[in-house]
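The next block holds one structure in the form of structure tokens; read it before the comments.
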Number of protein chains: 2
Amino acid sequence: MPQPHDILFRTLADPTRRAIFERLCREGDLTVRALTAEAGISQPAVSKHLGVLKRAGLVRDRHEGRQTHYSAELGALSPLVDWTNQMTGFWQSRFNDLEDLLNRMDQ
Amino acid sequence: MPQPHDILFRTLADPTRRAIFERLCREGDLTVRALTAEAGISQPAVSKHLGVLKRAGLVRDRHEGRQTHYSAELGALSPLVDWTNQMTGFWQSRFNDLEDLLNRMDQ
DNA sequence: GCAATCGATAACCCGCTGGCTATTGATCGA
DNA sequence: TCGATCAATAGCCAGCGGGTTATCGATTGC
């Protein structure tokens, strides 16, 4: 029932969680330990955020020994881009409709 | 202190509020009454959402007699587009760095 | 002028979620 | 083998936010 962009908006609404995702976009592949070190919150809290990000499809995890590496899944952002394009599109077509109306009124 | 895209994400995270914004994008200019009629929630709740959307810069209001018309402010979405582009950009440059490294290793 | 409508505000309630600590399971190093 | 480290889970708590009803000021039509 929830559309893809719905999950994305909800997931990225939290600043801490978004900061984690941003770091993964910048730096590419980080362990939970490394993420926790700069997140300013406890390790369980980071793990919880990573769980949410993973369920949203925004990150992938890779197990290596006793540590887990996470990386950003950039393609997951496309529903967000689609949504904004759609909104812009609605605006455009309303503008065009108005233009058409004015043209007809001219004649 | 909160960055523009932060406010946008938080504002658009709520499905009901996003639905109101979408209607304004599609239909262009609606009164609180009209929005309430299809929102499935009470008029005060709608007004509260409109207040949040307005504070985020996503809508404008226009007073006409005793009724208030709201319309979407589409330009407000640009920080969102910028943010996604930035994330994609980070990914791109990491990819390019890897490519460069591989090229150097080839030589 | 008066009743009715429109929309904003106030005051309140409740569920969700983001934080914590404690613990467990698994893996690694000595 | 045993202590230490890493990450996930469980359980708990507090604050935020989205919903409600009640009310009020402003405007309009009769």
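Here the structure is a predicted model, which means the values were calculated and not measured. To find a chain, count down the sequence lines: A is the first, B the second, and so on, and within it residues start at 1. Every heavy atom of this structure was used, including side-chain atoms; hydrogens, water molecules and symmetry mates were not.
- By the 30° and 60° cut-offs, the orientation of the rings of Phe9(A) relative to Trp83(A) is perpendicular.
- With a 6.0 Å radius and a threshold of 12 heavy atoms from other residues, nucleotides or ligands, Arg23(A) has its CZ atom above the threshold.
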Polar atoms only, N or O, under 3.5 Å: list the protein pairs with nucleotides 21-28 of chain C and their distances.
{"from": "dT27(C)", "atom 1": "O2", "to": "Arg66(A)", "atom 2": "NH1", "distance (Å)": "3.3"}

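- For Asn85(A), the side chain to side chain donor-acceptor pair (under 3.5 Å) test picks out no residue, with sequence neighbours left out.
- Judged as a side chain to side chain donor-acceptor pair (under 3.5 Å), and not counting sequence neighbours, Gln67(A) has no contacts.
- Counting only Watson-Crick and G-U wobble pairs whose two key distances fall under 3.5 Å, DNA chain D forms stems of three or more stacked pairs at C:1-30 with D:1-30.
- Between Thr31(B) and Lys48(B), the residue whose closest nucleotide on DNA chain C is further toward the 5' end is Thr31(B).
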**Item:** salt bridge (Lys or Arg N to Asp or Glu O under 4.0 Å) evaluation trace for Asp29(B) with Arg62(B)
**Value:** CA-CA 9 Å; Asp29(B) 186 281; Arg62(B) 196 186 89 238; 2.8 Å; yes
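- The 5' end of DNA chain D is approached more closely, in terms of each residue's nearest nucleotide, by Arg33(A) than by the other of Thr16(B) and Arg33(A).
- Of the N and O atoms on the side chains of Ser47(A) and Gln43(A), at least one donor lies less than 3.5 Å from an acceptor on the other residue.
- Taking 4.5 Å as the limit, some side-chain heavy atom of His49(A) sits within range of a side-chain heavy atom of Ile41(A).
- Read 5' to 3', the first and last nucleotides of DNA chain D with an atom closer than 4.0 Å to a heavy atom of chain B are dG18(D) to dT28(D).
- In terms of the salt bridge (charged side-chain N to carboxylate O under 4.0 Å, His left out) criterion, Arg33(A) has no residue partners (sequence neighbours excluded).
- Nucleic acid contact for Thr36(B): none, since no nucleic acid atom lies under 4.0 Å from a heavy atom of the residue.
- One interatomic measurement links the two molecules: CG of Leu50(B) to P of dG7(C), which rounds to 10 Å at whole-angstrom precision.
- The side chain of Tyr70(B) lies closest to dA8(C) when the candidates are dG18(C), dA8(C), dG7(C).
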